[in-house]
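First comes the structure, then the notes that go with it.
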Amino acid sequence: MTNDIHKDVLPQLAKLAIDPHRPLIISDADEVLFNFMIGLEGLLASQELYFDWSSFALTGNIRRIADKQPISQEEVGGLLSEFFEHRCIDLPAVDGAAAGLKALSKHAQIIVLSNIPPKYAHHRVTGLKDKGMDYPLIANIGSKGEVVRHLTQGMSAPAFFIDDIPHNHSSVNIHAAHVHRLHYIADERLSALLGPAEHSHTRLYNWPEIEAHIIQHIETGAG
Ligand SMILES: [Mg+2]
């Protein structure tokens with residue numbers, strides 16, 4: 001069933017060749033592979049804005065330096081477009097992410113599933129290559145569960161999903177419950193604002209932990 005996968009995402013999925021007998025790791029990008037918040041703070045500072053670190057959300061926490069008032073949801077959307085167009089290409093990689101994925105690639109297939117607007121996907125591809133993480137990218141629109149189900153259907157090997165946002169874990173739990181879900185938030189300031197995602201299997205705190213956890217699951221046959 002693919003009705004709930006966006007029409008701009010389906011052709012990207014069709015290009016992938018997934019081996020059903022080899023473990024599959026589906027990794028988010030922002031706050032998993034890239035330091036999104038560090039990049040966002042740079043953009044905010046350039047526009048007389050700041051993030052107030054009071055909760056795990058963008059809307060409501062991005063405020064004007066001048067009057068400390070939050071900007072609107074619409075303005076946050078505009079900022080994110082600007083971010084993906086001009087800033088995501090140069091985002092720093094999360095400590096240990098490239099080495100972790102490289103080690104895991106000896107055991108598993110790797111796909112990056114990022115909700116970057118498809119028109120900016122080429123910037124993300126460049127960023128991944130520049131940081132030693134040249135793995136296939138799906139530029140997704142909307143929730144991730146249906147896409148993860150599509151990617152993992154018919155697989156006999158275990159599949160893993162890594163993401164910072166709790167509702168993405170909930171979506172995967174609904175549509176692809178067989179996938180092992182790892183909750184990870186790279187930015188320690190952001191991580192401190194949120195407990196484990198309700199629908200994740202485990203919360204992990206750095207890439208060496210992620211690598212060890214996945215390898216252990218693959219070697220013990222648990223999925
Ligand atoms: Mg993310």
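Each ligand, and each atom within it, is numbered from 1 in the order the structure gives.
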Just give me the atom name: the N, O or S atom of Asp164 closest to the Mg ion (ligand 1). OD1
Is any N, O or S atom of Asp163 under 2.8 Å away from the Mg ion (ligand 1)? no
For Gly78, is there any backbone N or O sitting under 3.5 Å from a side-chain donor or acceptor partner on Glu82? no
Starting from the Mg ion (ligand 1), look over the N/O/S atoms of Asp30 and name the nearest one. O
Just wondering, more than 12 heavy atoms not from Glu198 lying within 6.0 Å of its CD? no
Among the N/O/S atoms of Asp28, select the one at the shortest distance from the Mg ion (ligand 1) and name it. OD2
Answer with yes or no after comparing the ring centroid distance for Phe161 and His169 against a 6.0 Å cut-off, counting only values under it. yes
Is a donor on one side and an acceptor on the other found under 3.5 Å between the side chain of Arg22 and the backbone of Ile18? no
